[in-house]
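Below is one structure, written out as structure tokens; the observations come after it.
Residue numbering restarts at 1 for every chain, and letters A, B, ... go by the order of the sequence lines.
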There are 2 protein chains.
Amino acid sequence: MLTKRAKYGLKALVYIAKNGEEGPVQASKIADAEGLSIKFLESILTTLRKHEFLGSKKGKYGGYFLLQAPSSVRMVDIIRVLEGPIALVPCVSLNYYKKCDDCKDEATCSINKLMVDVRDSTLKVLKNNTLADVAQL
Amino acid sequence: MLTKRAKYGLKALVYIAKNGEEGPVQASKIADAEGLSIKFLESILTTLRKHEFLGSKKGKYGGYFLLQAPSSVRMVDIIRVLEGPIALVPCVSLNYYKKCDDCKDEATCSINKLMVDVRDSTLKVLKNNTLADVAQL
DNA sequence: TTAATTCCTACAATTTTGGTAGGAGTTGCA
DNA sequence: TGCAACTCCTACCAAAATTGTAGGAATTAA
């Protein structure tokens, strides 16, 4: 399951993609519309800003805005930043590889192939969908 | 990511599928072979027994054994018991459905379709693979 | 100057995870 | 009958992750 952090972040990005035509979108607007705690949402938006999905403008009439066209933002990249690995076990993660504590030998690990197959099938969906697709733009 | 509980359980089942020809397999054997804590493993095997993946025999020369042919045990069913939902959000889970706290309206949830697509793609892999496939029997 | 906003640091409650401890009950065999 | 090797059961627990909250500082538009 996704953490709420990741889920809220995804929804926030989609909201901004849909409503960002007329200038920056305020965190409070998003929190209202999606039913989220504003303080928690702020910390998520900060993460997205630091990873250059979002820009921000301070002060009155400030808010958050996309730095790239929605059609060039892949869902997989967002999830990797908000949630971490796509893979179900660390030792088959492409972006967050880590040896499993218990695995004596990765090459002979009994569940390795299955884990790779699941990972690739998930990746396919998440790479083929952009923010524009999900926001139906 | 899978919990260690689920990962250990999967490995244990594969081990039993591979080594269960000559009678029950002891928890201590599995723990040794896979590098797991025996007490923790015991509690996982209990779960698998209660869900009728495994049978057990007490006393000397006792241990655990599969109740069905490996080729008729789907990976998806094991993971559902050990880990819970396959879906990334509760509101698209087929077996563990739960309304999302924040979702006002599921039908208009912006990420619903993506979540369904990911779920189905994962399910396809996990339904097509049985214990026999994974254990290479 | 004021209101509205982001930005920053610190803390904290709750839940989940990943176990451990200690022994009771069962069985096969000498 | 007694011992060794197992499963089975209950209870507990520490660490980590998650999901926030609190309180304000800094910035900006009008």
Toward the 5' end of DNA chain D, by each residue's nearest nucleotide, Gln26(B) or Lys50(B): Gln26(B)

Measure the [atom1]-[atom2] distance between [X] and [Y] for me, rounded to the nearest 0.5 Å.
X: Ile79(A); Y: Thr122(A); atom1: CD1; atom2: OG1; answer: 9.5 Å
X: Asp117(B); Y: Ile111(B); atom1: CG; atom2: CD1; answer: 12.0 Å
X: Gln26(A); Y: Lys57(A); atom1: CD; atom2: NZ; answer: 10.5 Å
X: Ile30(B); Y: Glu34(B); atom1: CD1; atom2: CD; answer: 8.5 Å

Separation of [N] [atom2] from [X] [atom1] (nearest whole Å):
X: Leu45(A); N: dC8(C); atom1: CG; atom2: P; value: 13 Å
X: Asp101(B); N: dT15(C); atom1: CG; atom2: P; value: 12 Å
X: Met1(A); N: dT18(D); atom1: CE; atom2: P; value: 13 Å
X: Leu36(A); N: dT19(D); atom1: CG; atom2: P; value: 12 Å
X: Ile44(A); N: dT21(D); atom1: CD1; atom2: P; value: 11 Å
X: Tyr64(B); N: dA5(D); atom1: OH; atom2: P; value: 17 Å

side-chain N/O Ser28(B) vs dA5(D) OP1/OP2, d < 4.0 Å: no

Ser56(B) side-chain N/O to dC6(D) phosphate OP1/OP2 under 4.0 Å: no

Sole residue of Pro90(B), Ser110(B), Cys109(B) in side-chain contact (heavy atoms from CB on, under 4.5 Å) with Cys103(B): Cys109(B)

Residues in side chain to side chain donor-acceptor pair (under 3.5 Å) contact with Arg80(A), at least two apart in sequence or another chain: none

Contact letters for nucleotides 17-30 of chain C, in which S counts primed atoms plus P, OP1 and OP2 and B counts the base, heavy atoms under 4.0 Å: SSBB-BB--BBSS-

